[in-house]
Amino acid sequence: MSTSMFGQVSLLSKALETSWMRNQVIANNIANVDTPGFKKNNVIFEEYLIQASETNNLTDDMIQNTKPQVVEDQSNLAYRVDGNNVDIDVEMAKRAQNELYYNAVISQVSHQFRQINTVLNAK
């Protein structure tokens with residue numbers, strides 16, 4: 001992994017963007033739990049980042065060019081006769097997991113800025 005100090009902040013910024021997008025997608029899935037034929041959506045980002053890092057050293061440009069994607073679950077799995085595949089319990093668990101992820105990333109962002117502030121104030 002080859003990223004600069006500000007590359008780490010960029011990576012964390014992407015993680016926050018992904019978490020925000022994931023929160024919106026989960027909220028949309030929950031809102032449509034009773035919509036006949038609705039297919040749940042998922043956000044894919046970490047998989048793209050892993051693929052990018054496995055092929056080359058992860059650079060700042062690769063981080064900037066890797067975008068989170070919203071994909072519709074096309075599996076034939078349906079929890080109800082009407083074709084809806086949203087499981088409210090799974091979505092609520094994903095929401096809690098995403099909230100923990102968001103809080104962990106925010107903590108890392110704060111840590112990064114404290115480190116930058118320490119370097120800038122060093123005499």
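These figures come from a predicted structure and were not determined experimentally.
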Is there side-chain contact between Val86 and Phe38, with at least one heavy-atom pair below 4.5 Å? yes
Short N-O contact, Arg22 and Glu46, less than 4.0 angstrom: yes
Between the side chain of Ser19 and the main-chain N/O of Ala15, is any donor-acceptor distance below 3.5 Å? no
If you define the side chain from C-beta out and look only at heavy atoms, does anything of Val33 sit under 4.5 Å from Glu91? no
So, Lys39 versus Asn84: side-chain donor-acceptor pair below 3.5 Å or not? no
Stepwise side-chain hydrogen bond (donor to acceptor under 3.5 Å, both in side chains) test for Asn32 and Lys40: CA-CA 8 Å; Asn32 286 291; Lys40 67 182 176 184; over 6 Å; no
Do other residues, nucleotides or ligands put more than 12 heavy atoms under 6.0 Å from the OH atom of Tyr102? no
Hydrophobic cluster membership, Met21 vs Phe45, 4.5 Å side-chain cutoff: no
Members sharing Trp20's hydrophobic cluster, built from side-chain contacts under 4.5 Å between Ile, Leu, Val, Met, Phe, Trp and Tyr, are none
Say whether, by atom type as modelled, one donor and one acceptor occur between the side chain of Thr18 and the main chain of Lys14 under 3.5 angstrom. yes
Are more than 12 heavy atoms from other residues, nucleotides or ligands located less than 6.0 Å from atom CD of Glu99? no
Any non-hydrogen side-chain atom of Val71 less than 4.5 Å from a side-chain atom of Val43? no
Asp34: side chain to side chain contact (heavy atoms under 4.5 Å, CB included) partners, not counting sequence neighbours: Arg80
Testing Asn23, Asn29, Asn42 one by one against Lys94 for a side-chain hydrogen bond (donor to acceptor under 3.5 Å, both in side chains), which residue passes? Asn42
For Asn117, does its backbone N or O pair with a side-chain atom of Asn121 as donor and acceptor, under 3.5 Å? yes
According to a hydrophobic-cluster definition based on side-chain heavy atoms being under 4.5 Å apart (Ile, Leu, Val, Met, Phe, Trp, Tyr only), do Ile106 and Ile116 belong together? yes
Within the distance-only criterion (no hydrogens, no angle test), does the side chain of Asp73 pair as donor or acceptor with the backbone N or O of Asn41 below 3.5 angstrom? no
Is it possible for you to say whether Met92 and Ile26 belong to one hydrophobic cluster, with membership spreading through side-chain heavy-atom contacts below 4.5 Å? yes
Any donor-acceptor N/O pair, Ser13 side chain to Val9 backbone, under 3.5 Å: no
Do Leu120 and Phe113 share a hydrophobic cluster (ILVMFWY, side-chain heavy atoms under 4.5 Å, transitive)? yes
Are Ile30 and Ile88 close enough that some pair of their side-chain heavy atoms sits under 4.5 Å apart? yes
